[in-house]
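Read the structure below first, then the notes.
Position 1 is the first residue of the sequence; numbering continues from there.
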Amino acid sequence: MSEKKKNKITNIFVFVFLSFGAIFMVAPLLWMFSTSLKSKEDVFALPPVWIPKDISFAKYFEIWDMGPLLSGICNSLIVALSVTIVGTFTSSLAAFAFAKLRFNGKNKIFLMLFASVMIPYPVLMIPQFIMFSSIGWVDSLLPLIIPGLFGNLFMIFFLRQFLNSIPNSIIEAAKIDGCSYFQIFYKIIFPLIKPAVAAQLILWFMGIWNDYLGPILYLNSPEKQTLQLVIANFNASYAIQSDYPLIMAASVVALLPMLIVFIIFQKQIIESIAISGVKG
């Protein structure tokens, strides 16, 4: 068998394998959207109904009256945007410092910071709650926002590894030209790592947007709850009534911001993967 024919068979096999994987990944999302357009009877119909005969968008109008969905979206956006925007800036600065600056104990400090990742969050939950409760931050968005403003350890690690591939001669040349370290960062370094920052930003945004444990620990008032808590309350209230179309409509609305973020940053994410592959 010729090499060309082998490559063709391999490509066909990979295409079929990835197609099956894509079907298994996309099918639940399609089912969620389909269910949001159905009646209660169609949800439990056998065989399953993928495309309902009577398509109705009524549940998408109904969800706004059944719970504080709008305030949940606003609260989630406040937390996610403030943390990712400010936290990405501080993480980038920290990565630049650990990768390119020279100071005593740099590697030891970085190892100590990264070692803290091994501490499971349940170990920290009670001490953190007691600390935030003592300063009156419980039932507010501050415990969800303030810690993230100081950066994300995984982003710092990823960007530090990315920055290690950038020649130090660029930094030295900029210093000779009279640039301060901050000027070097925002004029030279940040444009170079922008694709890597975008890839990490969207992953961090997804994690914050989908976070359930943090909000349920600190938020009590309905008007201060994030979107994930609002949807969980929908599930507790309306699953008993078998109103799954309502729950799925709320879930689709919760998914839309993630799709928008991915569409905006998909070019940068692909560039990040490509650049990482070339540099590796």
[atom1]-[atom2] distance between [X] and [Y], expressed to the nearest 0.5 angstrom:
X      : Y      : atom1 : atom2 : value
Phe185 : Ile171 : CZ    : CD1   : 11.0 Å
Lys59  : Ile247 : NZ    : CD1   : 10.0 Å
Leu111 : Ser116 : CG    : OG    : 11.0 Å
Thr226 : Ile216 : OG1   : CD1   : 9.5 Å
Leu255 : Met32  : CG    : CE    : 4.5 Å

Donor-acceptor pair, distance only, cut-off 3.5 Å: does the side chain of [X] make one with the backbone of [Y]?
X      : Y      : value
Ser56  : Ala58  : yes
Ser165 : Gln161 : no
Ser19  : Phe15  : yes
Asn152 : Phe154 : yes
Asn75  : Ser71  : yes
Asp139 : Asn220 : yes
Thr35  : Pro245 : no
Ser76  : Ile73  : no
Gln228 : Trp209 : yes
Lys38  : Ile55  : no

Lys224 to Trp137 six-membered ring, cation-pi geometry met (6.0 Å, 45°) |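 Geometry flag: not set, cation outside 6.0 Å or 45°.
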Might you confirm whether atom OH of Tyr121 has over 12 heavy atoms from other residues, nucleotides or ligands at distances under 6.0 Å?
->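 Yes, enclosed.
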From the options Ile208, Leu219, Ile78, select the one residue that forms a side chain to side chain contact (heavy atoms under 4.5 Å, CB included) with Leu144.
->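 Only match with Leu144 under side chain to side chain contact (heavy atoms under 4.5 Å, CB included): Leu219.
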Could you please spell out the steps behind the side-chain contact (heavy atoms from CB on, under 4.5 Å) verdict for Leu113 and Ile156?
-> CA-CA 10 Å; Leu113 282 173; Ile156 293 171; 5.7 Å; no
For side-chain contact (heavy atoms from CB on, under 4.5 Å), just list the numbers for Leu149 and Thr90, CA-CA rounded to whole Å, side-chain angles, deciding distance to a tenth of an Å, and then say yes or no.
-> CA-CA 7 Å; Leu149 299 182; Thr90 54; 6.0 Å; no
Donor + acceptor pair across side chains of Ser36, Tyr60 (<3.5 Å) |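 The criterion, which ignores hydrogens and geometry beyond distance, is satisfied for Tyr60 and Ser36.
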Do Val197 and Phe89 come close enough that some side-chain heavy atom pair is under 4.5 Å?
->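 Side chain of Val197 against side chain of Phe89, heavy atoms only: no contact under 4.5 Å found.
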Distance flag, aromatic centroids of Phe20 and Phe24, threshold under 6.0 Å |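 No: the rings miss the under 6.0 Å criterion.
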